[in-house]
Amino acid sequence: MLPFLRSGLTQLTAYTAHTETLDQQALVLDHLDTNESPWDLPTTVKQTLAQVYQTEVAANRYPDGSHTALKREIAEYVNESALLPDGTVTDHHLSVGNGSDELIRSLLIATCLGHEGSILVADPTFSMYGILARTLGISVTTVGRSPQTFEIDLSAAQTALDQTTAPPIRLVFVVHPNSPTGNALTDAELKWLRSLPQNILIVIDEAYFEFSQTSVVKELLGHSNWVILRTFSKAFRLAAHRVGYAIAHPEVIAVLEKVRLPYNLPTFSQLAAHTALRHRQDLLASLSDLLQQRRQVIETLSQYPCLQVFPSDANFVFVQFDPMENISNEVMLQKIGTDLKQQGTLIRLISGGLRITIGSPAENERMLGRLYDSLLRSGLIS
Ligand SMILES: *Cc1c(COP(=O)(O)O)cnc(C)c1O
C-alpha cells in the first residue's frame, strides 16, 4: 500500500467493463453484454459530423464550457418526448455530463461527501452507484427486491431510511426501468418515492427511457428533490462520445454545475449529441424493430422450461434458471457464458442470471442458436 493513499481505497478494484483487449475486439464478436445500440450512426450522419469538425471546429480552442446550445436542444427533445408544452423544461433544468457516470459522481459529491450522507440502492441494480460512492468513501446501504418481480423491498427501504444514522441516507438511486432486471417502477414504488422527505435527494435513472417510453419527467417539476438521469449512450447510439444529462430543479442543477469540471465535455462529443438530436426521428425510428426483436427473443427463450425469462421494458432481457430445476447456478452460468463467448457472443453474467442485450436480428439469431447448443450440451434441454 502506498503510504500517501486514503486507507479506504485498498479494498477497491478498478472497474473493467470489457474483459477482452482491443486486439481481441478485432475478432468479430457480438457485443450483447453492454446494452449499447447494435447500430452505428448512419454514414450520412457521420459524414455531417466529420464535415462540421473539419470546417467549424478549432481544435486549439477549449470546448464550450456552458453547453447552452446543447442544453436548449436537449430541453426541446425532453419536452417533445414527454408531450410537454415547449419551454416547460428549459436549459435551467439541465446539466450535461461526461456520461451519466459523471453526473452520478457529481450528485454524490454534492450530497454525501465528507461523511455528511450515505446512499441507498436496491440490489440487483446498476453497479456504478455503489462503485463511485465507495471511491469517495461514501457508505452504501443495500436493500433487496422481490425475487419474482424485482420490485424494491419498500418496507426494508423505509426501515433503512429511518434507522441509518451517522451519516443518514441523503441520496436514493432507482433505475426506471432497472438494470439488469428490466422492470419499470411500479405504482407502489412511485408512491413511496413521492412520500420521501425533502432532505433526501431521489435520483431516477432513465437510461433506458427511449425503449420504455415511461418517464417521471411530468412529475419532476413538482419535486425539488428529484433528479432524472438520461444518456446518449443507449438509444442515441453515442456510447463512444460519453454524453449524459440530468433534469432537475434549477437549484439542484446550479449545484451540479458548481461541482463539475469546467470543460467536462469535449467539443466533438457536444457536436455528436447535437447531430444525434437533429437526426432523432431517424435514429429513434429503429426502436420499434428492436422492440419486435425483444419480443421474439423473449418468446424463444420462454420455450425452455429450465429458464425463467423476465419481462423487460429496456433493450435487454434478464434470464435466470428456473428455481424448480435445481440447477447448480454459478457453475452453469459460467459454463453458458464461456460457451457463448467461445462461439463469438458476449453476454453479461450478473446477479445470478444472464443479461442479454437485444442486438441486430443477425446477432440475436446467432445468440439464440448458440444458447440452444450450450443448453443442449449441458443437458438442460433435450
Ligand atoms: C448504461 C447506463 C447508464 C449510462 O451511463 P453513461 O455514463 O451515460 O454511458 C446510466 N445508467 C444506467 C442504469 C445504465 O444502464
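All ligand and atom numbering here is 1-based and tracks the order in the structure.
F321 has its ring centre no less than 6.0 Å from the ring centre of Y304. Taking the six-membered ring for Trp and the full ring otherwise, the centers of F232 and H241 sit at least 6.0 Å from each other. The aromatic ring centroids of F316 and Y208 lie less than 6.0 Å from each other.
Ion pair D30/R370 flagged as a salt bridge, since at least one NZ, NE, NH1 or NH2 atom sits closer than 4.0 Å to an Asp/Glu carboxylate oxygen.
The ligand atoms of ligand 1 that sit less than 4.0 angstrom from a heavy atom of T231 are 4 (C), 6 (P), 8 (O), 9 (O). Near A207, meaning under 4.0 Å from one of its heavy atoms, ligand 1 places the atoms 2 (C), 3 (C), 10 (C), 11 (N), 12 (C), 14 (C). The atoms of ligand 1 that sit less than 4.0 Å from any heavy atom of S233 are 6 (P), 8 (O), 9 (O). Residue-ligand proximity, G99 to ligand 1, at heavy-atom distances under 4.0 Å covers atoms 6 (P), 7 (O), 8 (O).
Of the candidates M128, K234, E36, K234 brings a heavy atom nearest to atom 3 (C) of ligand 1. Ranked by closest heavy atom to atom 15 (O) of ligand 1, the top entry among F232, F316, Y208 is Y208.
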_Candidate pair F209 and K234, rule side-chain contact (heavy atoms from CB on, under 4.5 Å), full reasoning_ = CA-CA 9 Å; F209 159 67; K234 306 282 157 66; over 6 Å; no

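For S179, no nitrogen or oxygen atom sits less than 3.5 Å from a nitrogen or oxygen atom of ligand 1, counting backbone and side chain alike.
Counting protein heavy atoms only, atom 4 (C) of ligand 1 is closest to S100 OG, 3.4 Å. Here the heavy atom of the protein found nearest to atom 11 (N) of ligand 1 is D205 OD2, 2.7 Å. At the shortest separation from atom 7 (O) of ligand 1 among protein heavy atoms lies R242 NH2, 2.7 Å.
Between the side chains of N178 and T181, at least one donor N or O lies within less than 3.5 Å of an accepting N or O.
Between atom CZ of residue R105 and atom OG1 of residue T135 there is a gap of 5.5 Å, rounded to the nearest 0.5 Å.
A side chain to side chain contact (heavy atoms under 4.5 Å, CB included) with K335 is found for one member of V331, D339, L333, T338 and no other, namely D339.
For V175, every heavy-atom contact with ligand 1 shorter than 4.0 Å involves the side chain, none the backbone.
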